[in-house]
Amino acid sequence: MAEMRIWELLPNLFQAVRRDHEEVNLVGHHDFVHAARVGEIAYQIALDEYHEAIAMLAGAAGLCHNADRILQKKFGVGRREMPKNKVAEIVRSQLATEKSWNGTRGSVTEKQEIGMIVDAVLGHDGKNSPDDSQVLIALMDADRVVNLGLDNIIRSGQLHHDLPAVDYKNWLSDPEANYRNPRSALYDIACSLEWVDPSKPVCVRTRLGKKLAEERAGAYRQFVETLRLQLQGEGIIPYPFD
């Protein structure tokens, strides 16, 4: 584990990120603490998998990765409605507060470093690709690890407050349910286990990412299985009300 946390290594960037969250009152599902957590885990993962220079860039990307959420809250639109250039703009403005981008890493310039961070933020919620940069891989793994924290069970209910908590009839077998349209909060929670399934294109890829994610996935599996057994004992599974 790193001796200093990413918000201590990049204090100006962290304060800029925090300020941007607080100015639009972005709390709950993607607050500035979530950004700090992802930044710290991205830094740890990249430090273990690659080296210090990549770790700093990955940690910075983690701190900045809520940029689209900030703009979504500010303008009252869907996250995917925000143009990428606008997201990149806020990330660059946050990065400009930190003077650590010195461009002294071989042939990599300060401009290229910032570009790597911006590209990672813009691409972090996609599927795995062999073309992903080291910064992007560390950020993607970190975001998945943090979203396997047990607080995500609460966050899922907050995010999907308009959906049933549990699909008692189909349990987790609704053929129309998917990650983008979970149809119940429990299905959304169960989807997180794809991050530790090597057959899925969203599985974590780094050594530390796999270790942390698998540790956290165990608690998810226990939660889902315990609930299933409770409902079975209550006579709700199999569903009796057709």
Side-chain angles (χ1 to χ4, degrees), residues 6-7 10 12-14 16-21 23-24 26 29-46 49-50 53-98 100-101 103 105 108-147 159 179-180 191-192 194-195 200-206 209:
I6 193 63
W7 52 85
L10 297 172
N12 297 322
L13 175 59
F14 172 68
V17 168
R18 178 175 183 172
R19 182 173 59 251
D20 285 344
H21 282 76
E23 283 181 353
V24 298
L26 182 54
H29 201 259
H30 283 86
D31 53 24
F32 80 87
V33 178
H34 171 75
R37 292 168 67 188
V38 173
E40 172 63 15
I41 296 299
Y43 178 71
Q44 292 182 25
I45 284 173
E49 191 83 8
Y50 308 118
I54 293 296
M56 290 293 288
L57 300 181
L63 290 177
C64 296
H65 87 285
N66 278 352
D68 55 349
R69 304 285 185 174
I70 293 169
L71 294 174
Q72 176 187 6
K73 183 66 180 293
K74 181 176 182 179
F75 295 108
V77 298
R79 181 165 63 97
R80 299 183 184 282
E81 296 177 51
M82 291 308 307
K84 287 191 173 184
N85 66 308
K86 294 296 183 182
V87 178
E89 186 176 300
I90 189 173
V91 174
R92 291 181 184 280
S93 72
Q94 292 170 342
L95 294 173
T97 66
E98 194 63 64
S100 296
W101 322 117
R105 301 178 179 95
V108 179
T109 66
E110 177 180 344
K111 181 177 180 180
Q112 288 172 322
E113 287 181 330
I114 291 174
M116 290 166 67
I117 297 170
V118 172
D119 288 345
V121 172
L122 293 177
H124 80 274
D125 62 348
K127 295 179 180 180
N128 297 345
S129 167
D131 297 326
D132 292 341
S133 72
Q134 293 175 339
V135 175
L136 177 54
I137 290 171
L139 174 57
M140 294 171 101
D141 275 18
D143 199 30
R144 292 161 182 167
V145 166
V146 170
N147 283 328
L159 179 64
Y179 178 74
R180 299 297 181 193
C191 279
S192 300
E194 293 186 356
W195 297 327
K200 302 296 184 180
V202 292
C203 185
V204 293
R205 290 175 278 181
T206 59

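Remember, predicted model here, so these are calculated numbers, not experimental data.
- With sequence neighbours excluded, no residue forms a ring-ring contact (aromatic ring centres under 6.0 Å, His included) with H21.
- The backbone N or O of S129 lies less than 3.5 Å from a partner atom in the side chain of D132, making a donor-acceptor pair.
- Rounding to the nearest 0.5 angstrom, the gap separating the CG atom in L63 from the CG atom in L10 is 6.5 Å.
- K127 places no side-chain N or O within donor-acceptor distance of the main-chain N or O of P201, the cut-off being under 3.5 Å.
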Margin query: Go through it in stages, so that I can follow the logic: the residues are V87 and L122, the test is side chain to side chain contact (heavy atoms under 4.5 Å, CB included), and I'd like the CA-CA distance, side-chain angles, deciding distance and then a yes or no.
Written below: CA-CA 7 Å; V87 178; L122 293 177; 3.7 Å; yes

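- Side-chain atoms of Q94 never come within 3.5 Å of backbone atoms of A16 as a donor-acceptor pair (strictly under, hydrogens ignored).
- Summarising the geometry of K200 relative to E194, their closest heavy-atom pair is CB-O, 3.7 Å, with the distance given to 0.1 Å.
- With rounding to the nearest 0.5 Å, the separation of NZ in K84 from CG in D68 is 10.5 Å.
- Note that the NZ atom of K74 and the CG atom of L26 stand 13.0 Å from one another [nearest 0.5 Å].
- In this structure, R92 and V118 approach most closely via the heavy-atom pair CG-CG2, 3.9 Å.
- When all heavy atoms of A58 and A42 are compared, the closest pair comes out as O-CB, 3.5 Å.
- Within the 3.5 Å criterion, the main-chain N or O of F32 finds no donor-acceptor partner in the side chain of N66.
- For the atom pair I45 CD1 and Y50 OH, the distance stands at 9.0 Å (nearest 0.5 Å).
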Applying side chain to side chain contact (heavy atoms under 4.5 Å, CB included) to C64 and L95, what does each step give before you reach the verdict? CA-CA 8 Å; C64 296; L95 294 173; 4.0 Å; yes

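- To the nearest 0.5 angstrom, W7 atom CH2 is 12.0 Å from R18 atom CZ.
- The structure places CG of N128 at 12.0 Å from CG of D131, a figure rounded to the nearest 0.5 Å.
- Between V202 and W195, the shortest heavy-atom contact is O-CD1, 3.3 Å.
- Listed here is the closest heavy atom pair of G39 and I6: C-CG2, 3.6 Å.
- For the pair R19 and E23, the minimum side-chain heavy-atom distance is below 4.5 Å.
- For the pair E49 and Q134, the minimum side-chain heavy-atom distance is 4.5 Å or more.
- Looking at every heavy atom in both residues, A61 comes nearest to L139 through CB-CD2, 3.9 Å.
- Classification of the H34-H65 ring pair by plane angle, with boundaries at 30° and 60°, yields tilted.
- The backbone N or O of T206 sits less than 3.5 Å from a side-chain atom of D141, completing a donor-acceptor pair.
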